[in-house]
2 protein chains.
Amino acid sequence: MTVWDRPEPPHRPVPLDRERIVAAAVALADEGGLAAVSVRKVAARLDAGPMRLYGFISTKDELFDLMMDAVYAEILPGEPPGDWREALHGLAHRTRRAALRHPWLADLLGGRPALGPNALAVSEATLAALDGLADIDTAMRAVETVSAYFTGAIRRELADLRAEHATGLSRSEWQRTRGPYLTGMLDTGRFPALAKAVYDGAHVDAEETFATGLDWVLDAVAARLTGIDGRGAPGR
Amino acid sequence: MTVWDRPEPPHRPVPLDRERIVAAAVALADEGGLAAVSVRKVAARLDAGPMRLYGFISTKDELFDLMMDAVYAEILPGEPPGDWREALHGLAHRTRRAALRHPWLADLLGGRPALGPNALAVSEATLAALDGLADIDTAMRAVETVSAYFTGAIRRELADLRAEHATGLSRSEWQRTRGPYLTGMLDTGRFPALAKAVYDGAHVDAEETFATGLDWVLDAVAARLTGIDGRGAPGR
DNA sequence: CTCATGTCGATACACTGTATTGTCGCTCTA
DNA sequence: TAGAGCGACAATACAGTGTATCGACATGAG
């Protein structure tokens, strides 16, 4: 029985694991946004039937969870930070850069609790950088407050960015599309303060806005961390 | 020709407007989350065919925009705030309460630029409260920073809340579901700082966490607003 | 060599957003 | 008053979605 007689071995299914699945899903999302990630398309990229994936995940949301955690791997600090401020500063900026690389991250950020191993590692590294500087509750508040800030800021930045890009040519095209409505509204005179802000504002670039707001928040944290009794000035 | 001879007039379509459409959509979302809002279901609530809605919106996303703006009406300050801090404080808390009434708001917050009339009115009222206290750019930064904070904080709070509720009975059931995995991970010893935080943390309630973080951020804003030269302490 | 097992793919279902097309009542004109 | 145009509405259609179910089949054990 020569090779010629023997039929080709039956098409063995491609071996699959979560890593390959997530990589395919992330690639799809990078190309076409979260909406482009469908169970069928991910499976197709892996030469598998759609139902195959349900051996590894039990719901599409879980696929999103895995994608999130894959990105948290990019957010992990490369080397131990010098101090707590550098740790939080770095965390915020790395998260932002990850979101710029993977715009769909903005849709997921803060959407569900991040409990994957990489997300936990990020939390660990961050909390560790605050160790000994304050009681645990203050440290957690610090992390949560800063995280809340950059989550919100990143979401807004990417929402704006997407709104611009959606119209086609960025900026000029956008001004022509959204402009008429907005200028129309502002010219009604019902929003004088807003109009002044829009017309007289400096329109600083996104990164600087992000960095500045972050510094404000970090200053607030510093005030509590370095306060004599750990409480700092009373709020309100 | 009596009434009896005359046939019933043909079924006249229910008059429709955006307000009714949005009200129906909001009701559906309140009951079953954003996922429960489908063009068909909204239309069905109004005794209309699905395509009917496309005379008022051109895309489902636009329906979401309208829903958002409807909620912004609830966020508008009832009376003029006493000072800038009260304005921002009130804005944050009203937004949070709106999100607790309409949990789906968390999915939309910060997702797309809010340009509806009510959103603009909210921005106007907020910026107006800061008028004269600083240059325009500083005022905008203040609003954006605080907004970023409470957007992120609200999203996280509702994500956690949803994760708890999803398992069925809140808290105890949740501990039993997510608990095993989390404790398992923490007990590996790979996350000592995180483990300490989870086990020794005080687990303060959500509203206090929100309020405290907000006060921190407001303090940071205050430092810039009342600074002699409007810049306050240099960051980083 | 046979049989049980468990993995994989096909099929199916209920549903989605939206384009297209047809219909029908109203209003304006001759 | 008859007709014609028009605009709003509904029905149908299509391509795609997440996921449950089920049948087949290659692989391992006996």
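Chain letters run A, B, ... following the sequence lines, proteins first and then strands; every chain starts at 1.
- Regarding B:Leu53, its CG atom lies at a distance of 15 Å from the P atom of D:dA8, rounded to whole Å.
- Dashed line: the shortest gap from a side-chain N or O of B:Lys41 to OP1 or OP2 of C:dT16 is under 4.0 Å.
- Computed from coordinates, the A:Met51 CE to D:dC22 C1' distance equals 13 Å when rounded to whole Å.
- In the interface, the side chain of B:Arg40 is paired with the base of C:dG17 through a donor and an acceptor atom under 3.5 Å apart.
- Residue A:Arg52 contributes atom CZ, which lies 17 Å from atom P of D:dC25 at whole-angstrom precision.
- Atom CD of B:Glu74 is surrounded by more than 12 heavy atoms from other residues, nucleotides or ligands within 6.0 Å.
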Would you be so kind as to tabulate the donor-acceptor pairs closer than 3.5 Å made by side chains of residues 189-197 of chain B, with sequence neighbours excluded?
from     : atom 1 : to       : atom 2 : distance (Å)
B:Lys196 : NZ     : A:Asp131 : OD1    : 3.2

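- To the nearest angstrom, C1' of D:dC9 lies 14 Å from CG of B:Leu46.
- DNA chain C is contacted by no residue of residues 32-39 of chain A, taking any non-hydrogen atom closer than 4.0 Å.
- Taking atom NZ on A:Lys60 and atom P on C:dC15, their separation rounds to 18 Å, with Å as the unit.
- Annotation: salt bridge (Lys or Arg N to Asp or Glu O under 4.0 Å) contacts of A:Glu144 (sequence neighbours excluded): B:Arg156.
- A salt bridge between A:Asp107 and A:Arg162 is present, with a side-chain N of the basic residue lying under 4.0 Å from a carboxylate O of the acidic one.
- Every residue meeting the side-chain contact (heavy atoms from CB on, under 4.5 Å) condition with B:Arg141, not counting sequence neighbours, appears here in chain and number order: A:Val204, A:Glu208, A:Thr209, A:Thr212, A:Trp216.
- Regarding B:Leu28, its CG atom lies at a distance of 15 Å from the C1' atom of C:dT16, rounded to whole Å.
- In the set D:dT19, C:dG17, C:dG9, C:dG17 carries the atom at the smallest distance from any side-chain atom of B:Tyr54.
- Pairs passing the ring-ring contact (aromatic ring centres under 6.0 Å, His included) check and including a residue from residues 29-52 of chain B, sequence neighbours excluded, do not occur.
- Nucleotide D:dA11 holds its C1' atom 17 Å from the CG atom of B:Asp47, rounded to whole Å.
- Listed by chain and residue number, nothing satisfies the salt bridge (Lys or Arg N to Asp or Glu O under 4.0 Å) test with B:Asp137 (two or more places apart in sequence, or in another chain).
- Distance, B:Ile57 CD1 to D:dA8 C1': 16 Å, rounded to whole Å.
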